Amino acid sequence: MKRNFYFFRHGQRNGIDVESTLNYTGISQAKKLAEFLIDKNIEVVYSSPLKRAIDTAKMAINNTNIEIIPDERLIETAFGFWYSDNDEKQQRITENFNRVKSCLDDILVNDTHTNIAIASHGGVTRALCWACGYKIGEIKHCECFHLALDNGKWNFIERFDTKIEGPNEYLVTQDMSQVCD
């Protein structure tokens, strides 16, 4: 049985604190991602429990009947140093990879859906791709990777980029209750 997976990073956010929210650019990115995902028949979404990932998932899926399941293992903790020769950093990278892979392994064993999305962060999205045998470099906000698992073999299908870039500084917080109704 072929199963489709869509791994995507959250949209651009306000600030750098843990619970920062999407900014205007991030909202635009999530809406553009929704255009890509609209015909993918997503049945379930697993997400980092952080607000920016959940909000991106809600906007990108745009269907309140599709369950979004938060999973702590999808929280970002690597903070950009996935490529390092430093032993201490490499140990942390390995621990993070194993945590993310355990989440994916549990989904593979316990979830019977055919079209699954995972909303997370840059490092987590990178780890998910690595777990499927694909080494990915930089991951943009709301960039999505479609991979398929067919008879135990992972296949890279496509990479989607919203092509929406925002300024480097973080913008004013948007009240998400107004855009996610």
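Just so we're clear, the structure is a prediction, and the values are computed from it rather than from any experiment.
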Grab the two heavy atoms, one from [X] and one from [Y], that are nearest each other, plus how far apart they are.
| X | Y | value |
| --- | --- | --- |
| Leu37 | Phe8 | CD1-CE2, 4.1 Å |
| Arg3 | Leu108 | NH1-O, 3.2 Å |
| Asp71 | Pro49 | O-CD, 3.3 Å |
| Asn115 | Lys40 | CG-O, 3.5 Å |
| Leu22 | Gly11 | CD2-O, 3.3 Å |
| Gly122 | Ile139 | O-CD1, 3.4 Å |

[atom1]-[atom2] distance between [X] and [Y], expressed to the nearest 0.5 angstrom:
| X | Y | atom1 | atom2 | answer |
| --- | --- | --- | --- | --- |
| Lys2 | Asn155 | NZ | CG | 7.5 Å |
| Glu43 | Asn4 | CD | CG | 9.5 Å |
| His141 | Asp161 | NE2 | CG | 12.0 Å |
| Met59 | Ile54 | CE | CD1 | 11.5 Å |
| Ser28 | Glu165 | OG | CD | 12.0 Å |
| Lys135 | Cys129 | NZ | SG | 13.0 Å |

Name the orientation class of the two ring planes belonging to Tyr6 and Phe36 (parallel below 30°, tilted from 30 to 60°, perpendicular beyond 60°).
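The rings of Tyr6 and Phe36 stand perpendicular, inter-plane angle above 60°.
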Please state whether the rings of His10 and His121 are parallel, tilted or perpendicular, taking 30° and 60° as the class boundaries.
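Rings of His10 and His121: perpendicular, as their planes differ by over 60°.
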Kindly work out whether a path of hydrophobic side-chain contacts (I/L/V/M/F/W/Y, heavy atoms less than 4.5 Å apart) joins [X] to [Y].
| X | Y | result |
| --- | --- | --- |
| Leu104 | Leu74 | yes |
| Ile66 | Leu33 | yes |
| Phe145 | Ile107 | yes |
| Tyr134 | Leu149 | yes |
| Ile69 | Leu128 | yes |

Going by the rule ring-ring contact (aromatic ring centres under 6.0 Å, His included), which residues pair with Phe7 if we only count those two or more places apart in sequence or in a different chain?
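ring-ring contact (aromatic ring centres under 6.0 Å, His included) check on Phe7 returns nothing, list empty.
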Checking Phe5 now: which residues fulfil ring-ring contact (aromatic ring centres under 6.0 Å, His included) with it, not counting sequence neighbours?
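Once residues adjacent in sequence are excluded, the partners of Phe5 under the ring-ring contact (aromatic ring centres under 6.0 Å, His included) criterion are Trp154.
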Using the salt bridge (charged side-chain N to carboxylate O under 4.0 Å, His left out) rule, take Arg92 and Glu95 through it: C-alpha gap first, then chi angles, then the decisive distance, then the call.
CA-CA 5 Å; Arg92 187 167 175 203; Glu95 289 169 3; over 6 Å; no
Are any non-hydrogen side-chain atoms of Lys140 and Thr162 less than 4.5 angstrom apart?
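Heavy-atom side-chain distance check fails, nothing below 4.5 Å.
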Min side-chain heavy-atom separation Lys32-Cys142 under 4.5 Å:
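Lys32 does not reach Cys142 side chain to side chain.
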Check the surroundings of atom CD in Glu72: do more than 12 heavy atoms from other residues, nucleotides or ligands lie under 6.0 Å from it?
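Counting neighbours around CD of Glu72, 12 or fewer heavy atoms of other residues, nucleotides or ligands fall under 6.0 Å, so no.
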Can you establish whether the number of heavy atoms outside Ile157 located under 6.0 Å from its atom CD1 is more than 12?
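Yes, enclosed.
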Are Val44 and Asp111 close enough, and set up right, to give a side-chain contact (heavy atoms from CB on, under 4.5 Å), and what steps lead you there?
CA-CA 9 Å; Val44 65; Asp111 190 305; 3.6 Å; yes
Can you check side-chain contact (heavy atoms from CB on, under 4.5 Å) on Arg9 and Glu143, steps first, answer last?
CA-CA 6 Å; Arg9 182 182 181 189; Glu143 191 165 12; 5.5 Å; no
For [Y], does its backbone N or O pair with a side-chain atom of [X] as donor and acceptor, under 3.5 Å?
| X | Y | result |
| --- | --- | --- |
| Glu76 | Gly123 | yes |
| Asp150 | Lys153 | no |
| Arg52 | Gln12 | no |

Would you say the side-chain atoms of Ser48 and Ser120 include a donor-acceptor pair closer than 3.5 Å?
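Ser48 vs Ser120: no donor-acceptor pair found between side chains.
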